[in-house]
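Just so we're on the same page: letters track the sequence lines, and every chain starts at 1. These figures come from a predicted structure and were not determined experimentally.
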Amino acid sequence: MEYDFTDVERKWRNYWAKNKTYAAKNGSEKPKYYVLDMFPYPSGAGLHVGHPLGYIASDIIARFKRLKGFEVLHPMGYDAFGLPAEQYAIQTGQHPAITTEQNINRYREQLDAIGFSFDWDREVRTSNADFYKWTQWIFIKLFHSWYNKKTDKAEDIKTLITVFESHGNGDVWAACEEVGVFSADDWKKMDEKAQQTLLLNYRMAFLSDTMVNWCPQLGTVLANEEVKDGFSERGGYPVVRKLMKQWSLRISAYADRLLNDLKDLDWSPSIKEIQENWIGKSEGSSLRFKLEGLDEEIEVFTTRPDTIFGATFLTLAPEHELVKKISTADQKDAVNAYVELSKNRSERERMADVKKISGVFTGAYAIHTFSGAKIPVWIGDYVLAGYGTGAVMAVPAHDTRDYAFAKYFDLPIIEVVSGGDISKEAYDAKEGSLVNSDFLNGLHVKAAIKKIIEKIEEKGLGKGKVNYRLRDAIFSRQRYWGEPFPVYYKDGLPYTLDEKDLPLELPDVDAYLPTETGEPPLARAKNWITKDGYPLETNTMPGWAGSSWYYLRYMDATNNGEFVSKDAVNYWQDVDLYIGGAEHATGHLLYVRFWTKFLYDLGLIPAKEPAKKLINQGMILGRSLFLNENTNDGKQISYRIPIEYADDKDRLMIDRFTEVKKMFTNLEMNALSWKTDETGKQFILLVPEIEKMSKSKYNVVTPDDIIAKYGADCLRIYEMFLGPLELPKPWNTNGIEGVSKFIRKFWRLYHDGDNNFQVSDESPTPAELKILHKTIKKTEEDMERFSFNTSVSSFMICVNELTDLKCNKRGILEPLAIILAPYAPHITEELWSLMGNTGTITYANFPEWKEEYIIDQNFEYPISINGKTRTKISLPLNLTKEEISSTILAHDEVIKLMAGKTPKNIIVVPNRIVNIVL
RNA sequence: GCCCUGGUGGUGGAACUGGUAGACACGCAGGACUUAAAAUCCUGUGGCCAUUGCGGCCGUAUCGGUUCGAUUCCGAUCCGGGGUACCA
């Protein structure tokens with residue numbers, strides 16, 4: 001008779017559900033701890049063994065914190081709007097809500113089977129109207145806000161209107177589109193339409209013509225981070241640039257705060273760095289150049305104003321507005337041809353051609369601001385229209401791209417910073433001193449930058465400026481399965497619905513496709529108008545809308561009157577530990593920070609960052625198997641074989657070959673290298689390869705199979721035992737037997753040889769107490785640094801040692817059950833109850849370890865000679881350095897090892913090591 | 001190219017602040033129990049040499065440095081994973 005996990009695990013899961021064991025209490029007396037997982041998109045494929053990795057880790061922390069006396073918020077929900085359900089709807093006509101519901105039910109079953117301690121009363125689904133009501137509500141807040149750079153925060157648009165009414169916009173410093181100066185009188189004379197049009201330039205959520213990433217196959221625009229190398233991240237379809245009227249969110253207003261506040265976050269250096277790069281702050285100066293014979297100026301942005309005397313030409317982006325105006329008659333044709341060419345080249349082509357230099361001379365000349373020299377103005381598509389001013393002052397000696405351009409078109413190169421060899425390559429480093437630079441000569445780069453900016457500002461030619469790479473976030477999607485905008489149009493201008501009319505529910509449509517005229521699917525809905533007859537917005541919000549604030553909703557998930565109550569948010573504040581994949585670094589994790597800061601600015605929430613600590617769990621990789629066939633002409637063809645056809649030695653036995661043959665019509669049996677096993681059966685040895693786990697790669701392992709065979713506790717411990725949480729690792733079940741053995745061995749500590757429960761009330765011996773207390777200490781320390789794999793090891797050591805001592809004493813086994821409970825909740829509940837406790841182990845007290853049980857009287861010193869360990873000598877702990885060295889040197893074995901030599905030096909580190917130098 | 005990570009037995013990994021490298025587990029080999037198997041238990045297991053007895057040498061990607069002592073710190077190189085890419 002052995003431990004039967006099936007019944008025990010089922011029994012306790014039912015108990016937890018029935019008793020709402022994991023319900024979190026708002027406003028509890030206890031200190032709070034909020035541990036959150038990135039909620040999943042419920043795909044049709046269900047969970048594979050990689051998904052629960054992070055959930056198990058967070059669940060262990062949640063359970064540990066409960067034992068430590070915290071009120072723990074540990075919720076789960078679904079990121080339920082999204083493309084796959086909609087694509088499926090297009091193919092089958094089935095409403096995406098139905099597919100989504102089915103998938104969620106499947107996810108829920110799988111999650112429940114693992115024994116997570118989620119508070120399911122707080123479940124959220126972004127596609128539920130009572131959730132997206134508040135997503136729409138936040139959008140309305142964004143629409144009615146502007147970013148005041150003077151106070152450095154978002155404010156109600158009313159404060160801006162008040163200023164306009166009294167002073168116009170002359171003194172307003174806002175994050176906004178380019179707006180001309182107007183006075184209070186001008187403002188008052190404007191009609192409603194003019195005023196609204198103007199305000200649209202200031203709003204945090206605004207409508208504008210934007211160059212977007214249009215994906216024709218998906219029929220929608222995509223955000224920058226949804227595009228990889230010119231193809232859509234989902235589906236891998238080509239993406240083109242297109243000018244469209246779109247909703248955008250003014251995330252760029254927060255660029256500096258998003259960057260600065262990173263330093264206080266306990267997030268991994270790599271995620272911080274990815275965000276830093278994505279925000280892309282660069283400091284420099286703007287600078288205007290006059291054009292010869294024209295009443296126009298070109299403004300450039302440069303981070304190296306110190307190299308101004310090395311500027312030998314200017315380069316404009318082909319899209320630059322001055323291109324047409326300044327081109328001379330004899331260059332006009334060449335310029336037009338080049339502009340046309342670049343316009344039609346897709347992003348993809350531009351990227352592929354990075355190394356290919358192209359450009360054309362406009363015929364115009366600029367006057368060098370300081371030297372007065374005539375310098376030519378060129379066009380080149382290495383200059384991007386969207387960054388800085390779309391124009392650069394080219395300093396070929398000190399910029400690699402300018403250097404390549406100058407070499408190619410044979411333009412002059414003047415060295416102005418010493419230190420490199422400009423005959424060979426550009427010298428980009430910000431080190432060295434200035435030469436050939438008039439009043440800057442002799443200065444170091446940093447000092448020169450400071451001086452030249454002063455000079456530029458003094459002459460009124462420009463000013464010190466900061467530029468960001470971060471673009472405003474495009475917020476419309478031409479899709480069905482997303483949040484409808486709470487927006488209608490009057491006179492062609494957008495207005496928001498009244499808050500009391502929320503939610504604006506997603507209407508039914510006859511097909512999930514764009515209309516014949518190319519409008520989004522919502523244009524198909526009947527009566528898609530307000531009660532006053534105004535047309536409603538037909539775009540929907542992107543996938544990341546709901547996920548940008550869902551962590552707040554969990555705090556107060558059923559509140560119908562507010563997105564989250566003040567009491568709830570003041571108690572829970574923010575997420576203490578957030579666990580999820582690193583692939584969300586530039587998307588979700590940036591947007592959720594942005595929305596948090598926005599809501600904070602409006603005084604709606606107390607914390608300005610969503611999550612204090614973030615851990616990115618490593619991906620669990622799949623192991624794919626390939627069958628290699630040698631063709632007659634000596635080539636090799638690989639077939640991907642579903643892993644369920646192979647045995648645990650990667651062998652495809654002959655009796656399963658017919659099934660495989662059905663998948664591949666060309667597969668020739670006699671072209672394969674068959675081998676014979678011990679029993680005479682034929683098989684083919686398949687070739688493994690480690691890659692991402694995915695349905696299409698036939699390498700998915702589901703948690704269900706593992707749980708059926710070994711139990712949920714075993715799956716939980718095994719996933720933790722695989723290695724450090726953050727590292728990516730291939731899935732294999734090689735070690736799972738070891739974990740399963742450990743669980744059975746643990747069970748046997750509490751039982752006699754016939755599986756009868758048997759725990760004694762004898763007092764524990766010092767040896768037993770030592771084993772227990774060092775394990776408590778170790779697991780507690782490991783928990784602090786999220787080192788779950790090493791904790792599992794120490795549990796194994798503990799159980800092994802107690803087994804050796806045949807210890808079955810309550811004084812040891814009861815605390816042991818508690819410290820193991822976060823990892824193996826089912827078996828420990830059962831043992832806890834067998835030991836006579838009523839109720840759950842969840843809220844027991846985590847035992848405290850005591851130093852007195854752990855410390856030894858002696859320390860076994862490793863004795864090294866010249867740094868190499870030679871022997872070990874046990875000595876009492878309380879000796880002085882001198883006592884230790886004299887005892888050691890007098891020791892027989894040491895005398896033998898020293899072979900008559902006199903030690904040159906002896907290093908004694910108390911309770912660590914002794915090293916004798918000969 | 002640039003930035004960030006990582007490289008330890010046959011395998012997953014441990015060694016937390018420079019102080020006994022390889023914990024724990026898998027696998028493998030041998031043994032006990034059993035009619036047999038499963039389960040369980042015991043022994044061994046980095047490499048090379050010597051194994052009658054101690055033992056000796058090498059070893060944390062490679063090369064070099066700092067140190068009484070380096071998987072850990074520093075420099076250079078190689079390889080893997082991730083991010084990013086005309087951002088002026």
Roughly how many Å is it from OH in A:Y823 to P in B:C24, rounded to a whole number? 18 Å
Heavy atoms under 4.0 Å, any strand shown: does A:V917 hit a base, just sugar-phosphate, or nothing? sugar-phosphate
Quantified in whole Å, what is the C1' atom distance between nucleotide B:A70 and nucleotide B:A15? 13 Å
Aromatic plane relationship, A:W378 with A:F409 - under 30° parallel, 30 to 60° tilted, over 60° perpendicular: tilted
Sort out for me which residue in A:Q275, A:E273, A:K281 forms a side chain to side chain donor-acceptor pair (under 3.5 Å) with A:N277. A:E273
Tell me the interatomic distance from A:K904, atom NZ, to B:G69, atom C1', rounded to whole angstroms. 15 Å
Roughly how many Å apart are B:C4 and B:G59, using the P atom of each and rounding to a whole number? 31 Å
Are A:K774 and A:E801 close enough for a salt bridge, meaning some N to O gap below 4.0 Å? yes
Taking 4.0 Å as the cut-off, does a side-chain nitrogen or oxygen of A:S282 come that near to OP1 or OP2 on B:A88? yes
For B:A85, take OP1 and OP2 only and decide whether either is under 4.0 Å from a side-chain N or O of A:R469. yes
Using the C1' atom as the point on both nucleotides, what is the distance between B:G6 and B:U60, in whole Å? 14 Å
Looking at B:A23, B:U20, B:G12, which one has an atom nearest to any side-chain atom of A:L722? B:G12
State which of B:G83, B:C24, B:G13 makes the closest approach to the side chain of A:K729. B:G13
Need to verify one output field. Residue with the more 5' nearest nucleotide on RNA chain B, A:I736 or A:T790? A:T790
Is the phosphate of B:A14 approached by A:N789 (side-chain N or O, under 4.0 Å from OP1 or OP2)? yes
For atom CZ of A:F795 and atom P of B:A25, their distance in whole Å: 14 Å
A:Y861 has an atom OH; how far is it from atom P of B:U20, in whole Å? 13 Å
Name the nucleic acid region contacted by A:I274, choosing base, sugar-phosphate or nothing; use a 4.0 angstrom heavy-atom cut-off, strictly under. sugar-phosphate
Opposite nucleotide pairing with B:U67, Watson-Crick or G-U, both atom distances under 3.5 Å: none
Side chain of A:D399 - closest among B:C68, B:A88, B:A14: B:A88
Measuring from the side chain of A:R870 (C-beta onward, heavy atoms only), which nucleotide among B:C57, B:A14, B:U20 has the closest atom? B:C57
Given the P atoms of B:C73 and B:C79, what is the spacing between them in whole Å? 22 Å
Provide, to the nearest angstrom, the distance between the CG atom belonging to A:L725 and the P atom belonging to B:A14. 12 Å
Give a yes or no on whether a donor-acceptor pair under 3.5 Å exists between the nucleobase atoms of B:C68, that is its base, and the side chain of A:N915. yes
Rounding to the closest angstrom, what is the interatomic distance between B:G10 and B:C68 at atom C1'? 36 Å
For B:G9, the Watson-Crick or wobble counterpart (both distances under 3.5 Å): none
Closest nucleotide among B:C86, B:G19, B:A14 to the A:P724 side chain: B:A14
Could you give the distance separating B:G1 and B:G56 at their C1' atoms, to the nearest angstrom? 50 Å
May I ask you to check if A:K777 and A:W849 form a cation-pi contact, with NZ or CZ under 6.0 angstrom from the six-membered ring centre and within 45° of the axis? yes
For B:C41, which nucleotide in any strand shown is its Watson-Crick or wobble partner with both distances under 3.5 Å? B:G31
Please determine, for the side chain of A:Y387, which listed nucleotide (B:G19, B:C86, B:A88) has the closest atom? B:A88
Classify the angle between the aromatic ring planes of A:W747 and A:H751 as parallel (below 30°), tilted (30 to 60°) or perpendicular (above 60°). parallel
Quick note, A:K741 side chain, CB onward, closest among B:U40, B:A23, B:A15 is B:U40
Work out how far the C1' atom of B:C24 is from that of B:A76, and round it to whole angstrom. 36 Å
Could you tell me the Watson-Crick or G-U partner of B:U84, where both distances fall under 3.5 Å? Say none if there is no partner. B:G1
A:E737 CD to B:U40 P, in whole Å, measures 8 Å
Please state how far atom CZ in A:F742 lies from atom C1' in B:A39, giving the value in whole angstrom units. 19 Å
So what does A:R471 hit on the nucleic acid, given a heavy-atom distance under 4.0 Å: a base, only sugar-phosphate, or nothing? nothing
Sidechain N-carboxylate O distance under 4.0 Å for A:D399, A:R304: no
Could you check whether A:R288 pairs with A:E297 (Lys NZ or Arg NE/NH1/NH2 to Asp/Glu carboxylate O, under 4.0 Å)? yes
Return the nearest nucleotide to the side chain of A:R744; candidates are B:U40, B:A88, B:C41. B:U40
Scan every strand shown for a Watson-Crick or G-U wobble partner of B:U77, both distances under 3.5 Å, and answer none if you come up empty. B:A61
By the Watson-Crick or G-U definition, both distances under 3.5 Å, B:A50 is matched with none
Regarding B:G9, purine or pyrimidine glycosidic angle vs 90° from 0 gives syn
Below 6.0 angstrom between ring centroids: does that apply to A:F405 and A:Y403? no
Which nucleotide, if any, forms a Watson-Crick or G-U wobble pair with B:G18, using both distances under 3.5 Å? none
Heavy-atom nearest nucleotide on RNA chain B taken for A:N800 and for A:K778; more 5' hit belongs to A:K778
Is A:K741 salt-bridged to A:E737, going by a charged N under 4.0 Å from an acidic O? no
For A:Y3 and A:F746, I'd like to know if the aromatic rings sit close, meaning centre-to-centre distance below 6.0 Å. no
Might you list the N or O atoms of the protein lying below 3.5 Å from N or O atoms in nucleotides 1-4 of chain B, with each pair's distance?
| from | atom 1 | to | atom 2 | distance (Å) |
| --- | --- | --- | --- | --- |
| B:C3 | O2' | A:E273 | OE1 | 3.4 |
| B:C3 | O2' | A:E273 | OE2 | 2.3 |
| B:C4 | O4' | A:E273 | OE1 | 2.7 |

May I have the distance from A:K272 (atom NZ) to B:U84 (atom C1'), rounded to whole angstrom? 20 Å
Would you indicate which nucleotide in B:C86, B:C41, B:C16 comes nearest to any side-chain atom of A:K745? B:C41
Please report the distance separating the C1' of B:U5 from the corresponding atom of B:C57, rounded so that it comes out in whole Å. 35 Å
Which nucleotide in the set B:A23, B:A85, B:U20 lies at the smallest distance from any side-chain heavy atom of A:S793? B:A23
Does A:K463 use its side chain to pair, donor to acceptor, with the backbone of A:I453 at less than 3.5 Å? no
